[in-house]
Amino acid sequence: MSAPSATTDTAAEPLVSPVNSHNEWDPLEEIIVGRLDGATIPSRHPVVACNVPPWAARLQGLAAGFKYPRVLIERAQEELDRFVALLESLGITVTRPDAVDHTRRFGTPDWSSRGFCNTCPRDSMLVIGDEIIETPMAWPCRYFETHSYRPLLKDYFRRGARWTAAPKPQLTDALFDPDFRVPEPGEPMRYILTEFEPVFDAADFVRAGRDLFVTRSNVTNRMGIDWLRRHLGPGYRIHEIESRCRTPMHIDTTFVLLAPGKVLVNPEYVDVDRLPDVLRSWDVLVAPEPDPIDGSLLKVTSMCGKWLSMNVLMIDEKRVIAERHHTGMLRALERWGFEPIPCDLLHYAPFGGSFHCATLDIRRRGTLESYVD
């Protein structure tokens with residue numbers, strides 16, 4: 001009788017996926033943190049300009065395609081290095097994407113662009129259980145962003161994770177409303193995206209086990225939400241959170257899940273009386289007014305609004321990493337029974353976010369459960 005082949009033996013070995021994350025609060029074990037290397041100011045496009053503060057849009061239009069100034073990179077890099085060191089000191093495995101020259105031009109038969117950066121893995125990839133989904137993002141400059149994460153994705157796949165990519169969008173002019181303008185307060189909400197094809201950023205979704213919550217935005221359309229709903233199937237439910245933001249982009253400064261039965265909401269963007277019925281039994285925690293930001297350079301270059309104070313990262317159901325500058329948020333978290341861990345990442349704002357944006361939790365110790373009525 002011949003001996004079993006190595007291939008047969010290998011195929012018989014059960015694979016335990018290194019990817020396992022069902023919600024925003026189970027004990028964190030492994031995480032991806034973005035990189036600043038090669039960061040490039042986004043190429044000009046209406047979908048970019050409509051999603052950032054007006055002063056940042058004007059500056060971005062003038063400097064599009066050039067690398068970020070060293071003065072912005074260096075300060076943000078110092079804070080990012082300390083953030084990574086903090087995560088590792090908490091016993092969390094930290095992995096990083098490859099460095100990329102984002103000034104290189106790329107394109108499709110319909111358009112060309114330079115890149116942006118790989119500072120915010122939360123946008124381009126969505127983790128649902130043992131599956132990583134590459135998202136179909138609407139910014140042309142982010143079209144190939146997940147390629148810098150491919151060594152990690154291939155490693156996770158070889159070790160047992162599921163790896164999916166949503167349909168790659170065409171991003172032709174048909175996806176964008178040529179007559180779009182930001183709605184004034186009191187006007188009906190409108191978005192720059194049409195329903196030409198499915199697009200969404202992962203950062204417009206947050207997870208509570210079998211229930212996901214999403215905001216429709218200028219980077220996530222209804223077709224994108226429907227694609228994910230059908231892909232996940234009947235084992236999951238997706239609930240839309242109405243946002244009063246006139247320029248919505250990403251849910252993690254609007255509606256932030258902190259622990260089972262506890263959600264942090266932005267009082268400027270969310271009407272608590274219009275939250276989905278499944279949250280009836282949850283404690284709705286209203287975010288305090290953010291502390292003012294000093295420094296004109298940071299005010300002008302930030303790609304984010306003032307509510308970045310809500311962009312926290314849960315280490316487990318109690319411990320939470322939050323921005324040291326926002327003392328009002330730190331005190332509120334303590335009042336609500338959490339254990340805030342102050343950290344600096346204020347100067348990451350010109351690159352797209354803070355602690356939640358800058359990371360993608362790969363493994364949290366927990367199982368798939370339902371947390372809502």
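- Glu323 contributes a side-chain N or O that, together with a main-chain N or O of Leu345, makes up a donor-acceptor pair within less than 3.5 Å.
- Other cluster members for Leu15: none, since no ILVMFWY side-chain heavy atom sits under 4.5 Å from it.
- Listed by chain and number, the residues in a side chain to side chain contact (heavy atoms under 4.5 Å, CB included) with Cys50 are Phe180, Ile192, Asn218 (sequence neighbours excluded).
- Residues Glu289 and Lys306 are paired through a salt bridge, judged by an N-O separation under 4.0 Å between the basic side chain and the carboxylate.
- The aromatic rings of Tyr143 and Trp111 lie perpendicular to each other, with more than 60° between the two planes, well past the 30° mark.
- No hydrogens or angles considered: a donor-acceptor pair under 3.5 Å links the side chains of Thr215 and Asp204.
- Atom CG of Leu36 is separated from atom CD of Glu78 by 11.5 Å, given to the nearest 0.5 angstrom.
- Of the N and O atoms on the side chains of His325 and Asp291, not one donor lies less than 3.5 Å from an acceptor on the other residue.
- Between Val100 and His147 the shortest side-chain heavy-atom distance does not fall below 4.5 Å.
- The only member of Arg363, Arg365, Arg364 that meets salt bridge (Lys or Arg N to Asp or Glu O under 4.0 Å) when paired with Glu30 is Arg363.
- Salt-bridge formation is detected for the pair Arg207/Asp361: a Lys NZ or Arg NE/NH1/NH2 atom is positioned less than 4.0 Å from an Asp or Glu carboxylate oxygen.
- Trp139 and Phe116 have tilted rings, their planes meeting at an angle from 30° to 60° on a 0 to 90° scale.
- Taking Trp336 as the reference, nothing meets the ring-ring contact (aromatic ring centres under 6.0 Å, His included) condition, with sequence neighbours excluded.
- Scored by the side chain to side chain donor-acceptor pair (under 3.5 Å) test, Arg216 finds no partners at all (sequence neighbours excluded).
- In this structure, the ring-ring contact (aromatic ring centres under 6.0 Å, His included) partners of Phe355, at least two apart in sequence or on a different chain, are Phe83.
- Under the 3.5 Å distance criterion, with hydrogens and angles disregarded, a donor-acceptor pair is assigned to the side chains of Arg105 and Ser112.
- By the 30° and 60° cut-offs, the orientation of the rings of Phe255 relative to Phe213 is tilted.
- Applying the side chain to side chain donor-acceptor pair (under 3.5 Å) test to Glu317 and every residue at least two apart in sequence or in another chain returns nothing.
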